[in-house]
Amino acid sequence: MRAVIELGGTHVTAALADPGTATVARTVRRPLDARGRADHILGAVVRCATELAAPEGLVWGVAVPGPFDHDKGIARFEGVGKFDDLYGIDVRAVLLDGVRPRPAHAVFLNDAHAFLLGEWRAGAARGHERCAGITLGTGVGSAFLVDGDLRRQGPGIPPQGRIDLVRVAGRPLEDSVSRRAVLARYGDGGGDGAADVSDIAERARAGERHARDVLDGTFRTLGAVLAPHLRDFAATVLVAGGAMAGSWDLLRPALRAGLGDTPVTLRAAGLGEHAALVGAAAYAAAES
């Protein structure tokens, strides 16, 4: 078993996960305010990890969103609307000093990378040598994997392995594909300004044309952006996870349309919320 942490925009999860069997034995999940003060955020993370009561001396795997210096364990969030107060803080040192029983070390990886690594080991990407993953939540995360090896550069891989750094019509991708982009487009077209993405999805299923058009347009755009990268990378499967992937029945057709004739299989995540935990455990095992 490996001890792991997943840091999300609304919650933090600590768990004991077995990368060999892709099972999660125990989890502790706590709410988190990503816009809060650094001491509140890190205090919540340390308390959650301590409550897990993992054995002393383990190497912990920590899945965190970017921008983050994963090698040094230092937060680089700036102007992204979440975790901004953590900028410049040595998160590794905070965990090693604060978590009890004390860890031996902590290794960090991008949360989308952890997601795809978990799905490759035991989920929707299992059996594929070259695979790509996207996480659809507050923004868009991405990962590229070759035979279980995370790749951050090479043919088809966007800068730093991050599809969110690609620009659409001169603007960041997340201006077109993100939770805020979906809500803004829905509201601008006369939709309910209090609706969230899940509400828009339900209205699309119920036959509301505007809701369907918003989702179709958003994910056709994402498919068109991904298409050349997936072709050049020669991915055989694209796995989608994250909160918005819960509406896969609506997202998949639009994503497929945007991808055109790109020869890639589309799959929804198979491990659900456990994918990033399993992936972080596998990464910690490899780095031990």
Side-chain angles (χ1 to χ4, degrees), residues 1-34 40-66 68 70 73 75 82-83 86 91-126 133 135 137-138 141 143 145 148 150 239 241-243 245-246 268-288:
M1 284 289 174
R2 298 284 169 171
V4 296
I5 296 170
E6 182 189 7
L7 185 62
T10 60
H11 68 278
V12 57
T13 301
L16 290 177
D18 185 339
T21 61
T23 56
V24 176
R26 186 162 81 242
T27 61
V28 179
R29 183 181 172 104
R30 295 290 177 262
L32 193 69
D33 180 6
H40 290 168
I41 295 170
L42 294 173
V45 173
V46 167
R47 286 191 298 274
C48 184
T50 294
E51 189 175 340
L52 182 67
E56 185 173 5
L58 294 183
V59 175
W60 286 60
V62 187
V64 296
F68 196 95
H70 296 93
K82 59 182 179 180
F83 302 126
L86 296 184
V91 179
R92 175 182 285 129
V94 171
L95 294 178
L96 297 183
D97 289 344
V99 175
R100 295 293 183 273
R102 189 185 293 273
H105 190 45
V107 295
F108 295 78
L109 75 164
N110 181 273
D111 56 349
H113 293 177
F115 159 76
L116 184 58
L117 188 54
E119 289 292 332
W120 178 79
R121 293 188 72 93
R126 188 172 186 177
T135 53
T138 306
L145 205 64
L150 291 164
V239 183
L271 297 182
E273 293 182 350
H274 285 177
L277 302 175
V278 171
Y283 188 76
E287 294 294 310
S288 298

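These values consider heavy atoms only, across backbone and side chains, with no hydrogens, waters or symmetry-generated copies.
Considering every non-hydrogen atom in both T138 and K82, the closest pair reads CB-NZ, 4.4 Å. Among all heavy-atom pairs drawn from A17 and P19, the shortest one is O-CD, 3.5 Å. The shortest heavy-atom contact between V107 and E287 is CG1-CB, 3.9 Å. Looking at every heavy atom in both residues, E119 comes nearest to G270 through OE1-N, 2.9 Å. The shortest non-hydrogen separation linking A124 to A268 is CB-O, 3.4 Å.
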- Task: Before giving the answer on side chain to side chain contact (heavy atoms under 4.5 Å, CB included), spell out for I41 and D33 the whole-Å C-alpha distance, their side-chain angles and the decisive distance to 0.1 Å.
- Result: CA-CA 7 Å; I41 295 170; D33 180 6; 6.0 Å; no

- Message: Please evaluate residues R30 and E51 with respect to the criterion salt bridge (charged side-chain N to carboxylate O under 4.0 Å, His left out), reporting the C-alpha separation (whole Å), side-chain torsions for both, the decisive distance (0.1 Å), and the verdict.
- Response: CA-CA 10 Å; R30 295 290 177 262; E51 189 175 340; 2.5 Å; yes

- May I have the step-by-step check of side chain to side chain contact (heavy atoms under 4.5 Å, CB included) for H70 and V64, ending in yes or no? CA-CA 9 Å; H70 296 93; V64 296; 3.7 Å; yes

- Task: Apply side chain to side chain contact (heavy atoms under 4.5 Å, CB included) to the pair V91 and F68, showing each step before the final yes or no.
- Result: CA-CA 10 Å; V91 179; F68 196 95; 4.0 Å; yes

For residues 110-117, please give each side-chain donor-acceptor pair under 3.5 Å, one per line with the distance, not counting sequence neighbours.
| from | atom 1 | to | atom 2 | distance (Å) |
| --- | --- | --- | --- | --- |
| N110 | OD1 | A112 | N | 2.8 |
| N110 | OD1 | H113 | N | 3.4 |

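Side-chain contact, R2 with S288: a donor N or O sits under 3.5 Å from an acceptor N or O.
Residue H105 holds its NE2 atom at 11.0 Å from CG of L95, rounded to the nearest 0.5 Å. The structure places OG1 of T23 at 11.0 Å from CG of L271, a figure rounded to the nearest 0.5 Å.
Between L277 and H274, the closest side-chain pair of non-hydrogen atoms falls below 4.5 Å. V239 has its side chain out of reach of W120: every pair of non-hydrogen atoms, C-beta onward, lies at least 4.5 Å apart. In this structure, R29 and C48 have side chains that are not in contact, with every pair of non-hydrogen atoms separated by 4.5 Å or more. Within the 4.5 Å cutoff, side-chain heavy atoms of V45 are placed close to those of I5. In this structure, the side chains of V28 and T13 stay at 4.5 Å or more apart for every pair of heavy atoms. Put simply, the side chain of W60 reaches to within 4.5 Å of the side chain of L52, judged on heavy atoms. Under the 4.5 Å side-chain criterion, counting only non-hydrogen atoms from C-beta, E6 is not in contact with E273. Side chains of L32 and F83 form a contact here, defined as non-hydrogen atoms less than 4.5 Å apart.
By the side-chain hydrogen bond (donor to acceptor under 3.5 Å, both in side chains) test, H40 is found to be paired with no residue, residues two or more places apart in sequence or in another chain being considered.
Between the side chain of R92 and the backbone N or O of A106 there is at least one donor-acceptor pair closer than 3.5 Å. Judged purely by atom type and a 3.5 angstrom limit, R121 has no side-chain atom pairing as donor or acceptor with the backbone of R126. One N or O on the side chain of R102 and one on the backbone of L96 form a donor-acceptor pair closer than 3.5 Å.
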